[in-house]
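The structure presented is a predicted model; accordingly, all values stated were derived computationally and were not measured. Note on naming: letters A, B, ... go to the chains in the order of the sequence lines (proteins, then strands), and numbering restarts at 1 for each one.
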Amino acid sequence: MSGLLRYAFQRLLLTIPMIFILLTVIFLIIRVMPGDPISMVYGARPVSEELKAEKRAEYGFDKPILVQYGVYISGVFRGDFGNSIRTSTPVLQELFLRFPATIELALFGLLVAAILGFTTGVLAATRADRPVDHGIRVFHIASFAIPVFWLGLMFQVIFAVKLKWLPVAGRLGGEMAFTFRPVTGLYVLDAILRLDGHALLDVLQHLALPALTLGIATTGLLGRMSRASMLETLDQDYVTTARAKGLGERVVVLRHALRNALIPIVTVFGLEFAVLMGGAVLTETVFSWPGIASYLIRSINARDYIAVQGSVVFIALFISVINLIVDLLYSLIDPRVRY
Amino acid sequence: MIRVAGEEGALLEVTGLTKHFPVRQKGFRRLRGLVRAVDGIDLRIQERETLGLVGESGCGKTTAGRAVLRLVEPTAGRILFRSRRMAADGVAEARAVDVLSASRREMKMLRRDMQIIFQDPYSSLNPRMTVGSIVGEPLIVHRMGRALERADRVREVLAAVGLTPEHMRRYPHEFSGGQRQRIGIARALVLEPQLIVCDEPVSALDVSIQAQVLNLLEDLQREFGLTYLFIAHNLSVVKHISNRVAVMYLGRIVELASTERLFAEPKHPYTEALVSAVPVPEPDYMVERMILQGDVPSPVTPPSGCHFHPRCRYAVEVCRSEAPVYRDVGHDHFVACHRGDELSLQPIRDGDRSGGGGTAS
Amino acid sequence: MTSADVLLEVRDLEVHFAVPGVTVRAVDGVTYAIDSERTLGVVGESGCGKTVTALAIMGLIPSPPGRIVGGQILYHRDGGIVDLAQLPPRGQEMRAIRGNEIAMIFQEPMTSLNPVLTIGFQIMESITLHQRMTKREAKRQAVEMLRAVGIPLPEERVDEFPHQMSGGMRQRAMIAMALSCNPVLLIADEPTTALDVTIQAQVLELMNNLRRDFHAAIQFITHDLGVVAGMADDVAVMYLGRIVEAATVRDIFHSPKHPYTQGLMKSIPSLTRSKERLVPIEGIVPDPSDAPPGCGFEPRCPERMSICRTTPPPLVATAPGHDAACWLYQPDVHLVRRTLRGWK
C-alpha cells in the first residue's frame, strides 16, 4: 500500500512540470491571437484611449511579455489565478463555482459511454461477423462520425421540443432554480443529500440529454476498443482452458474473458477522458450548461487571458487526476501490476 | 585500432565477458538490481571449428552470442578476433583485433567477418523486402561491387543454400520456415564472413526440416571454411554439430570440453543432469534420470558460492560459500566445480549396440 | 492394441476449416483407438492435424471456421457408447463430459492459466462445476491436488496468481486442474514442449507417476520422438491430416514401416550414437489446403510408386497390431511397383 501511495505521489509531482509547460504554451498562444481583451470589454462603446491604457496598465499588459509571464506564474504558485478581465471577479472563484457542473456532466457522460461502449463492444465480439456485430460496428462508426453539437441539437428538437419529455437546457427548471440549495455543486449528489426526490428528478431530467449526447459521442472509440480487446481475449489459451473445463459460454465470457479484456480498455479510458472534455465544451454550449467548458469558450471569445489560463490549468489537472485514478484502478483489475 | 597479440590459431578469444542488465523500478527509475545475464565467461574458438553453447532458457547463452558480436554492448571483458580481411587490407596485422575497443568504422569492417543467424525465421526477415534485396542488402551497406556484380553474388549465395535465382523476386511470406531459414543463412553468408553466430537456428523448425538445415550448415562450413558459435538448448543437435561444447548455467560456463569427452566423461553435475534429462527416442533406453529439483534461480539474485549448489546432489559445504574456479582438468576439459576431479558422473550410454531405434528401416 | 477395453474410438474423423476461398482438410479421415489406462502417443509435425483431432474430441473446434464434417468419436462409458462428434459442442451433455471425464492440458503453461484469477480458484472452479462439493471442500481438494503434482507449500500457493509461478509450476498446476475431477482420459497437447529440458524431465516423471495413481488413459500429443519413446505404450504417427502408422511403441521404434516414420527417425540427431550424417526428408510439408490427391507423403517419399500419386493408401495391418497406410505393404501393388528414383 505504501508503494501505491508513493506511486500516486510521484505521479502528482510529475504533473507539476506538465502544468508548467501547458501554462507557458497557453500563455503564448492566446497572446498571438488577434484582438485584445480591453477592447473586447468595451466593445463598440466610444472609450478614450487613455482609459484603455489605464486599464491595460491595471492588468500589467503594458509591461514586456516576459515580465507578465513571471508575474502570472509566481501568482499561480501562490494560488492566485488573477482576476477575470471580463467580469473582474477572481478566476479561481468562478472556476470553483462552475467546476462541479462540468464534473457532473463528464462523469455521467462517461458512464453512458462506458455502459454503451462495453456492452455493445462485448456483444459484437461474442457474435463476431454475424448481423448483430455488423449493426453494432455501424453504430460505433456513426457515433464518432456525428458531430457532438448536431447530435445535441437533434436531441433537443426531438425529446424537448417535439415530444416535450425533457427540458431543453440548463441544470434546474422553473422555481427549482431559486429554491434548490446546493451543497457540493454536484446537483445529483446534493439532491440525494437533501433527501429531495422532487429535486433529484428535476436534476436528472436536465442532465439526461447532455449526458446522453456527450456519452454517445464518445461511445464509438470505447466500443471499438472493447470489441477488439474482447476478440483478442477470446482467442487466448486460458479461454480455451476455461471451455475445456466444461464451463458454459456465459461463464467463460463473463468470468474469464471480461476482466482480461478490460485491462487494455482501462488505459484508453483515461485518454478517452481528454476526448470527452473536448466534447464537453460543445455539449455545454449547446445545452447552456453552466460549467467550466462554456466559461472557457466565453473567455476565449472575450480574449480574457487570465480566465482562459485558469480554465485550462483546471481542465488539465482534472484530466491528469482522472488518469491517475485510472492507473491505480489498474492494479485492482490486473494482479500482475503492483506499485 | 589496438592490436593485441592473440594466441596463435584461435579465431576468437573471449575473456571475462560480462553483460549486466539493470532492473529498474516503475515511476522514478531507481536501480533495483542487476540481471547478471552473462557473468564472466571465457571462450576460445579455433578457425573452422564449431563450438556449441548449451543451456536452459535464461542461462545467458543468447546474450553471450550477441555480446560477442557487440550487438549488445558488453559490460566488461575482452574479445579478440583474428580478421583475415582486415589483415589483408593492412588495417590490422595478422593478429587479433580487440573488438570492444574498435571504432565505429572498424566495427563496420568487422561486421563483414562476423555474422549471425537468428532463431525465428519469421520475424527476422523484413516482410516488405524481396529475397533478393534481403540477401543483397549487406553488400550495399558495405559498398561492395556494382549492381550487376551484387546480383551475381546473391544468385551464387542462394544457390549455395539450396535456393534458386527465381526466388530473388519473391517475398518471405511465400516461403516455408525451412526455406526462410535458408534465406537467413544466405544473408549471413553473402559477405563471406569467417565467424557465424548461430542462435538456435533450427529450434523453430519442424523435425523433418531441421536435418536439412543442419546438413546445410555442415556443408557450408566445409565449403567456405566457416567457424560457428552454435547456440542451442537441444543437446542432441549440439552434440551432432559441435566439435566442442560449452555448458552454461546462470550466466557462467560450468563446463567446456570436446564433444566426445563432455558426453563420455562429464565433470560437472549440471552437465550430468542435463544430459540425463534428454528424452531419448529409444523405448528401451534405460538411464538413471538425475531429476533436478526446483527451478533455475533468478539471475538477479543468484545463489551464493557455486550458483548450482541448491540443486546439486553432490553439494558439500564449500559449494555454498565459495564460487568454484573455472579451470582445465586436463585434455582441454574445463570445469567450474569444487569436486570436478573426484566425482565420477554418469556418461551418456552408448546406443550403438542397443539394437534399437532410428536406424531400422 | 487389444480391443478388450477400448475407451475411445475415433473413426474416419474429418474436420475441415473454411478459409475464404479454400477448404482446409485439417483432419482427413483419422481412425484410432485408445484403451483404458494406456498412453497413446500421437506424433507429427506442425499442421499434421494432431491438435485439431484432440480439440474435436473435446468439442472445442473453433466454429466458424472449423467443422466436423464426417466420422465418429465413440466414447465408451459405463452407460454405453456416446458419439461425441454428434453432441452439440456447447450442450449440457458435452459439457458434463468435458473437463470431467475427459480433460485436456495445453502446450503453453505461461498463457493457459487465467492471469487475473488465483490458481486455487481456477482448480476449484473445475471441482465445483462437476462435483457436489462446498467451496471449503473444493478448496481442500484443490490443495490436495497441488500437493499431488508436487507443488511445495500448496496451502500458500493455492492463493497465488499464475504470474507468481514458474513455467514448470504452472504446468503442474494445469495438470492438477485437469486431474481434479478424476478423468478417465487426459489429453495432453505438447505439455512439455515449452519447458526447459530439466523441467520437462520433472513434468514427464510426474505424469508417469500420476497416470498410475489416477488410472487415466492419456493421449499424449508431441513432435518429440524422445518424449514418445519414454511416455507412450502405443504410438500413432500423423502426416497431413491422416494417420500413416500405428503400433506399440517398441514396434514403431524397432521396425518402423511407413517411409515417413523411417525418415523421421533418420533425420533426428542422436544423443546416444556416434555422429553420422543426418538423412533429411526431402522437400517440405505441403500446405493442407493444397494436399496431394494420393498419398500425402508421395511428393517427399523415396519409395514412391505411380499408384501413390493417384490413390491414398488405406491404413491396414502389416503385422499383428501394426498398421501402416502405405502401398508398399499391399501385396498386389508390388506387381505394378515402379519407383521413381532419381527424383532430385
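- Residue contact with chain C, scored on non-hydrogen atoms closer than 4.5 Å, involves the side chain of B:Ser176 exclusively.
- If you measure heavy-atom distances from C:Ile199 to chain B, the contacts under 4.5 Å come from both the backbone and the side chain.
- Panel note: side chain B:Glu56, backbone C:Leu195; no donor-acceptor pair is recorded below 3.5 Å.
- Of the atoms belonging to B:Leu214, it is side-chain heavy atoms, and not backbone ones, that fall under 4.5 Å from chain C.
- Closest heavy-atom contact between C:Phe253 and B:Pro281: CD2-O, 3.3 Å.
- Residue contact with chain B, scored on non-hydrogen atoms closer than 4.5 Å, involves the backbone and the side chain of C:Val197 alike.
- Residues in residues 200-217 of chain B take part in these salt bridge (Lys or Arg N to Asp or Glu O under 4.0 Å) pairs, two or more places apart or across chains: B:Lys61-B:Glu200.
- Heavy atoms of other residues, nucleotides or ligands lying less than 6.0 angstrom from NE2 of B:His331 number 12 at most.
- For the atom pair C:Arg250 CZ and B:Glu282 CD, the distance stands at 12.5 Å (nearest 0.5 Å).
- The shortest non-hydrogen separation linking C:Ala229 to B:Val280 is CB-O, 3.5 Å.
- Contacts between C:Gln200 and chain B at a heavy-atom distance below 4.5 Å involve the side chain alone, from C-beta outward.
- Heavy-atom pairs under 4.5 Å with chain B peak, among C:Thr198, C:Thr192, C:Leu225, at C:Thr198.
- One distance of note links CD1 of B:Ile291 with CG of C:Leu204; it measures 8.0 Å at 0.5 Å rounding.
- How far CD1 of C:Ile281 is from CD of B:Gln210: 11.5 Å, rounded to the nearest 0.5 Å.
- When each of B:Asn215, B:Leu274, B:Val238, B:Asp295 is scored by its heavy-atom pairs under 4.5 Å with chain C, the top score falls to B:Asn215.
- With a 4.5 angstrom heavy-atom cutoff, B:Asp284 touches chain C only via side-chain atoms.
- Listed for the C:Glu45 side chain is a donor-acceptor partner under 3.5 Å among the backbone atoms of B:Ser208.
- Residue-level contacts of residues 165-173 of chain C with chain B, in order of numbering, are C:Ser166, C:Met169; threshold 4.5 Å between heavy atoms.
- Considering only residues two or more places apart in sequence or on other chains, C:Ser267 meets the side-chain hydrogen bond (donor to acceptor under 3.5 Å, both in side chains) condition with none of them.
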What verdict does the side-chain contact (heavy atoms from CB on, under 4.5 Å) test give for C:Leu271 and B:Phe263, after you've listed the backbone C-alpha separation in whole Å, the side-chain angles of each residue and the deciding distance to 0.1 Å?
CA-CA 9 Å; C:Leu271 191 66; B:Phe263 288 95; 3.6 Å; yes

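- Between B:Glu218 atom CD and C:Lys275 atom NZ the span is 3.5 Å, to the nearest 0.5 Å.
- Between chain B and the residues C:Pro269, C:Pro259, C:Ala201, the largest count of heavy-atom pairs under 4.5 Å involves C:Pro269.
- Among residue pairs with one or both ends in residues 229-250 of chain B, those qualifying as salt bridge (Lys or Arg N to Asp or Glu O under 4.0 Å) are B:Glu49-B:Arg244; sequence neighbours excluded.
- The closest side-chain heavy-atom distance from C:Met231 to B:Pro279 is not below 4.5 Å.
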